[in-house]
Each structure stands twice: as structure tokens, then as C-alpha cells.
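Just so we're on the same page: letters track the sequence lines, and every chain starts at 1.
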Protein chains: 2
Amino acid sequence: MKVGPERADAARNREAILTAAAELFDRADVETVSMNEIAEAAGVGKGTLFRRFSDRGSLIEAVLTRRAAALLRQEQGPPPLGPGGEPAEALHAYLDGLLDFVWANRSLIRALEQSGPNVFYANPASRHWIAELTRRLAAARPGEDADYLAHILYTAVRADAVDYLYTARGMSLDRIRAGLHALATPAATVPPVAATVPVPVPVAVAVAVAPAVTTAVVPRGG
Amino acid sequence: MKVGPERADAARNREAILTAAAELFDRADVETVSMNEIAEAAGVGKGTLFRRFSDRGSLIEAVLTRRAAALLRQEQGPPPLGPGGEPAEALHAYLDGLLDFVWANRSLIRALEQSGPNVFYANPASRHWIAELTRRLAAARPGEDADYLAHILYTAVRADAVDYLYTARGMSLDRIRAGLHALATPAATVPPVAATVPVPVPVAVAVAVAPAVTTAVVPRGG
DNA sequence: CTACGGTGTGGACCGGCGGTCCGCTTGGTG
DNA sequence: CACCAAGCGGACCGCCGGTCCACACCGTAG
């Protein structure tokens, strides 16, 4: 397993592939985008495509990981999204960040969800987010089953679920957000819940689709 | 479009296909079961298979619909699962029924979830269950966003989610059930929630996998 | 019981998929 | 510049879901 420097053409092709894949996946209906198309759009051969990304799933994961980087960076920034601050607020800010991320990347995430059993829950980014949710829930709602609740909250922001609620059921993103926050609010302190949008919606993350950016993919001599 | 009686051999083959498919799907990893295999296992040609079930998704749906019949029948029985009775109890009994059904048929439901975008939410049985959940939630928790909550509760019993919690996270079915009930409990009346299993677990449905049963498919020589 | 029409059958066949292979090209190095 | 491994690309593979059609067999009319 060579981890060393990548040849210039290889790095260039990796970029081309990731960019082309991201664009095609965003266009629509990820299921219908074939590896052939991606290779062609990226201007590389199929062999090259599969040399960089061993299979379909790992390509999708790579595209998504890059998108997730923005969110992960913010997690290490200042509160409320970053560590520290009041537990309940930290939890709600986190949920907002997650929902915004999912919303911005929903078609891609749907692709990931479809790409194999359990990859949605089992992939590293998800595990990180669930763990973080669990931590914040445990802080905000001691005495409850934080682990279970974290999984449910994370399930509640699954791309296909959110997409279905929005597209097929006509729920606004704000309504979904409000519901999510209500779900996360400790039973003890929950107000009557005004069924509208009482939540602050603070940080909002704004990962958006992002123009890919590269920022030194091959650090090499790190 | 002939809707009348099916020829004897056609009916026999339909049964054979449904039975074989159900068995293969239950064996493991639904994604890996091909239509070819099903046809072979059922002892029919591929043409026959596709004549009865226009595509993969509709075959899966047909198998599942048959399984769901048991649950739907109980819904029209006596309370708490059937109509009438105290709202909160009706809601919890319903969730139990749903969870048990999902548990008993999880591999099949996972197949359905994978068979296309939104088919999990959009198929008739799901819509029915979600609507029923909404009704019971609205009765048990007036003033809240019952529609959203119903979808979240239904999402919380998605086969892959439950399966992941059980298999990968080692949560017992009882723990999952307890979490589900806590989620459904109105904020106002929720006790400290003992993180263990305080729920009654009343009706339990017991749909199980059911040995398919045929009930006189090929009368012929009566 | 026989003749017959059309529904039902089955497996060869199809286009395209994800993935592999390998002879040729090209970037990096001394 | 010479060298050669890393990289490349597209022909190729096995198999998938799905289609097609010559033929079989069911059910009925006589």
C-alpha cells in the first residue's frame, strides 16, 4: 500500500472525477448515474475511475466526505456549534447544522443511503455525528436513553425522510426544523409547543453545495 | 384487461413465486437475490415471473402486502389495537404492533426500502400506517405537530434503522421499544423515564413470519 | 371425448450495468 | 536524455433486470 505522493496526472484525474461525480449526482436521481457516465464526464477511462475509487459506494462516500468537511470544521469552532456553551443550546445548534447539511446535500446523501445496507449509519462521518449527538443529548437530558435518542434524531434527518416530508408532504423546512427541535427538547422543560416555528435557528452552518475546492489534497510530507 | 378468474396454472405459479421469493428474501441479504434465482426456485420461467409481477419492486411489495394483511386485520379488531379505547393506549399499542411487524419482516422491508426512492414512504401500506399514527397522535397529543411526529415515529421503525440499532449497536428489542414509547409519550405526562423498560408492552400482535399459507389455491378437481 | 382458441409459459435473448485486465503512455528521476 | 514504474483507457467479462415469441396446455363449446 503506497501512501506516498501521487503523480500529477493522478491527482488531476482524482479531482476531475470528484467534480464530475458531484455534478452528475446533484443533477438528479442518483440511481441513474452510471460509473460509465462519470468516467466519460470526467474525461477519463473507466479503469482510471476504478483505480481511484474501488467501487461505486466509495466514490459516493468520497464526494460526500469532502462536503462534510465544512461542517466538521465548524464543529471545532466557537460555541454554540463548537465545544463548550450551554448544553441545550449546543444540542439545538448541532441539529440545525446537521439539517442544513443534509438539506444542501440531500441527493448525494440519498445516493449514499442506497449504496448498500447500513452504509448510511456505518460510515465514519455518520458515526461521528451520532456520537456527538449522543454526547450533547446526555448533557442536555441526563437520565434518558441518549444513545437511542441520538440515533432517532439522526434518523429523523435522513435525506430521504426529509426529502419526502418536504416534497411529497409539503412540509416547509422550517416546520421540519421545528419538529426536530421539539423532539430534542427535554420533556421536563418543554413548553406547550406552538406547532409553528418558535425555535431560534441560530447558526445555520451554510455548507451549501460548495464549489468543490481542493485545498491541498495531497499533503505528502506532512 | 381481464380481471376475472385466473387460470389454474397461473394461480399455482403465482403462489409458487410468492412462496419462493419470500423464502429467498428471508434467507439473507435481499440485494443479492436475483429475479433469475427466484424464477428458478419457484420452478417457473423468467417470462412467467415477469408476467405476474411487472418488476422487482412489485414482487417485493406483493410479498410484503401479504404479510401485512395480518396486522391490518388486527387493526379492525378490538381495542387497544382496534378502533376505540383510550387514546394514549391506542397509540402505544399501535406502535408495538408496528415494531413487531417490522421486526418479524425486517429483511423483506429492507428490500422494499432499497427497491426505489420513496417507495418506503409512498407505498399504500405505509401511507395507511402513517395516517393511522397521525390520527392516534392527534388524539393523544393535541396541539402538537401530529403529522410530523407520525412520520418521525414511522421513520424510527424503519427496518434498517431498527436492524442497525439491534445488530450493530447491540440494543435489545425491548430497549428500542422503550425508546419508541418514550418518544410517543406527551411531554406533559412523561415520567422521569427510567431508561430501562417501564412500558407495558401489551398486545404484541405476533404477526411473525407466517408459513405463507395458501388456502385452496388450486381447487381444480374439487 | 374431441376440437379449438387464447391465456399462460419458459428460456433465449437484449442492452447496459459494475467491475477487471492489460498493452500502451506519460510523468518523474538520475 | 534514458529509463521504468505508475498511471491510463477502453475492450472485455459475467450478470443483472427485463422483453419476446413459438409453443403448451387449460377450459370450453359442440
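- Side chains of A:Arg158 and A:Tyr121: a donor-acceptor N/O pair is present below 3.5 angstrom, by distance only.
- In this structure, the CZ atom of B:Arg7 is 7 Å from the P atom of C:dT9, given to the nearest Å.
- Atoms CG (B:Asp9) and P (C:dG8) sit 8 Å apart, rounded to a whole Å.
- Computed from coordinates, the B:Glu37 CD to C:dG11 C1' distance equals 17 Å when rounded to whole Å.
- Taking the six-membered ring where the residue is Trp, the centroids of B:Phe120 and B:Tyr154 are separated by under 6.0 Å.
- Among the nucleotides C:dG8, C:dG28, C:dG19, the one closest to any side-chain atom of A:Phe50 is C:dG19.
- Checking C:dT7, D:dG7, D:dG17 against the side-chain heavy atoms of B:Met35 singles out D:dG17 as nearest.
- Comparing C:dC17, C:dT20, C:dT9 by their closest approach to the side chain of B:Thr48 singles out C:dT9.
- You'll find that the side chain of B:Val44 is closest to C:dG10, out of C:dG10, C:dT7, C:dG19.
- Nearer the 5' end of DNA chain C, as judged by each residue's closest nucleotide, is the contact made by B:Gly43, out of A:Arg12 and B:Gly43.
- With D:dG17, C:dG18, C:dG8 as the choices, the nucleotide that has an atom nearest any side-chain atom of A:Ser34 turns out to be C:dG18.
- For B:Val102 against B:Ile109, the heavy-atom pair with the smallest separation is CA-CD1, 3.7 Å.
- Using a distance-only test at 3.5 Å, with no hydrogens or angles considered, no donor-acceptor pair links the side chain of B:Arg52 to the main chain of B:Glu15.
- Rounded to an integer number of Å, the gap from CG of A:Asn36 to P of C:dC17 is 6 Å.
- Of the N and O atoms on the side chains of A:Thr32 and A:Asp29, not one donor lies less than 3.5 Å from an acceptor on the other residue.
- Listed candidates were D:dC8, C:dG28, C:dT9. Nearest to the side chain of A:Arg52 is D:dC8.
- B:Arg56 places its CZ atom 13 Å from the C1' atom of D:dC15, with the value rounded to the nearest Å.
- Rounding to whole angstrom units, CZ of residue A:Arg51 and P of D:dG10 are separated by 15 Å.
- Between A:Glu40 atom CD and C:dG18 atom P the separation is 13 Å, expressed in whole Å.
- Spacing between atom CD of A:Glu15 and atom P of D:dG7 amounts to 15 Å, rounded to whole angstrom units.
- The side chain of A:Asn13 approaches D:dC8 more closely than any other nucleotide in the set D:dG18, C:dT9, D:dC8.
- Checking C:dG8, C:dT20, D:dG9 against the side-chain heavy atoms of A:Lys46 singles out C:dT20 as nearest.
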